[in-house]
Amino acid sequence: TTPQNDAIFTPDKSNAVQINIAVRPGVDANHKVALYVDGQLHTVQRSIAFTLTGLPRGTHTVSASVMDKENKKLITSNSVSFHIQRHHIR
């Protein structure tokens, strides 16, 4: 799973952070993955790869849940914290 806990990002112009969820065994075709950012549902999709944009500077947490076709949570990950830093112009 990326990012690793306490990772530090200094986003480029795209301001994007890539999130990849490791699921073993893999996600079934009928399953969906819900991504939570700072405790709030961010998106639900069938892919295990997410791109976050527009996060403000500071510490953020992400976690994910795999859900079945009835939206029942099958498994939920531990939270991972990461930090966004911005370039400073002096």
Side-chain angles (χ1 to χ4, degrees):
T1 301
T2 57
Q4 292 184 348
N5 201 44
D6 279 332
I8 296 174
F9 291 92
T10 307
D12 59 15
K13 289 181 184 178
S14 70
N15 199 24
V17 174
Q18 301 298 318
I19 307 292
N20 294 291
I21 309 299
V23 180
R24 289 184 190 90
V27 177
D28 185 278
N30 294 322
H31 293 165
K32 296 177 270 184
V33 180
L35 182 72
Y36 298 87
V37 179
D38 297 331
Q40 301 295 314
L41 179 63
H42 180 269
T43 191
V44 178
Q45 62 186 38
R46 297 203 185 277
S47 173
I48 58 171
F50 299 84
T51 301
L52 301 178
T53 58
L55 291 175
R57 188 172 100 184
T59 300
H60 300 279
T61 60
V62 292
S63 64
S65 294
V66 175
M67 301 184 307
D68 66 13
K69 60 185 176 183
E70 285 85 31
N71 292 326
K72 177 184 171 191
K73 288 183 184 179
L74 302 174
I75 189 169
T76 300
S77 73
N78 292 327
S79 292
V80 172
S81 294
F82 63 95
H83 314 281
I84 301 287
Q85 295 182 342
R86 299 282 185 235
H87 294 288
H88 294 302
I89 299 174
R90 296 182 193 249

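Worth saying up front: this structure is predicted, and the values here are computed from it rather than measured.
Gln45 meets the side-chain hydrogen bond (donor to acceptor under 3.5 Å, both in side chains) test with no other residue; sequence neighbours excluded. Checked against side-chain contact (heavy atoms from CB on, under 4.5 Å), Asp6 has the following partners two or more places apart in sequence or in another chain: Ser81, His83. Here Ala29 pairs with nothing under the side-chain contact (heavy atoms from CB on, under 4.5 Å) rule; sequence neighbours left out. Checked against side-chain hydrogen bond (donor to acceptor under 3.5 Å, both in side chains), Thr2 has the following partners two or more places apart in sequence or in another chain: Asn20. For the side-chain hydrogen bond (donor to acceptor under 3.5 Å, both in side chains) test, residues two or more places apart in sequence or in another chain that qualify with Ser65 are Thr76.
The shortest non-hydrogen separation linking Ala64 to Ile21 is CB-CD1, 3.9 Å. Between Ser63 and Ser77 the shortest heavy-atom distance is CA-OG, 3.4 Å.
The cluster map of Ile, Leu, Val, Met, Phe, Trp and Tyr, joined by side-chain heavy atoms under 4.5 Å apart, puts Phe50 and Val27 in the same cluster. Taking hydrophobic clusters as Ile, Leu, Val, Met, Phe, Trp and Tyr residues chained together by side-chain heavy-atom distances below 4.5 Å, Val23 does not share a cluster with Val44. Hydrophobic clustering of Ile, Leu, Val, Met, Phe, Trp and Tyr side chains at less than 4.5 Å, counting indirect connections, keeps Ile8 apart from Val17. Hydrophobic clustering (ILVMFWY, side-chain heavy atoms < 4.5 Å, transitive): Val66 and Val80 are in one cluster.
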Less than 3.5 Å apart, which donor and acceptor atoms pair up between the side chains of residues 31-41 and the rest of the protein, not counting sequence neighbours?
residue: His31; atom: ND1; partner: Asp28; partner atom: N; Å: 3.3
residue: Lys32; atom: NZ; partner: Asn71; partner atom: OD1; Å: 2.5
residue: Tyr36; atom: OH; partner: Lys73; partner atom: NZ; Å: 3.4
residue: Asp38; atom: OD1; partner: Thr61; partner atom: N; Å: 2.9
residue: Asp38; atom: OD2; partner: His60; partner atom: ND1; Å: 2.8

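The CE atom of Met67 lies 13.0 Å from the NZ atom of Lys72; values are rounded to the nearest 0.5 Å. Taken to the nearest 0.5 Å, the OG1 atom of Thr53 stands 10.0 Å off from the CD atom of Gln18.
The shortest distance between side-chain heavy atoms of Ile19 and Pro3 falls below 4.5 Å. At least one side-chain heavy atom of Phe82 sits under 4.5 Å from a side-chain heavy atom of Leu55.
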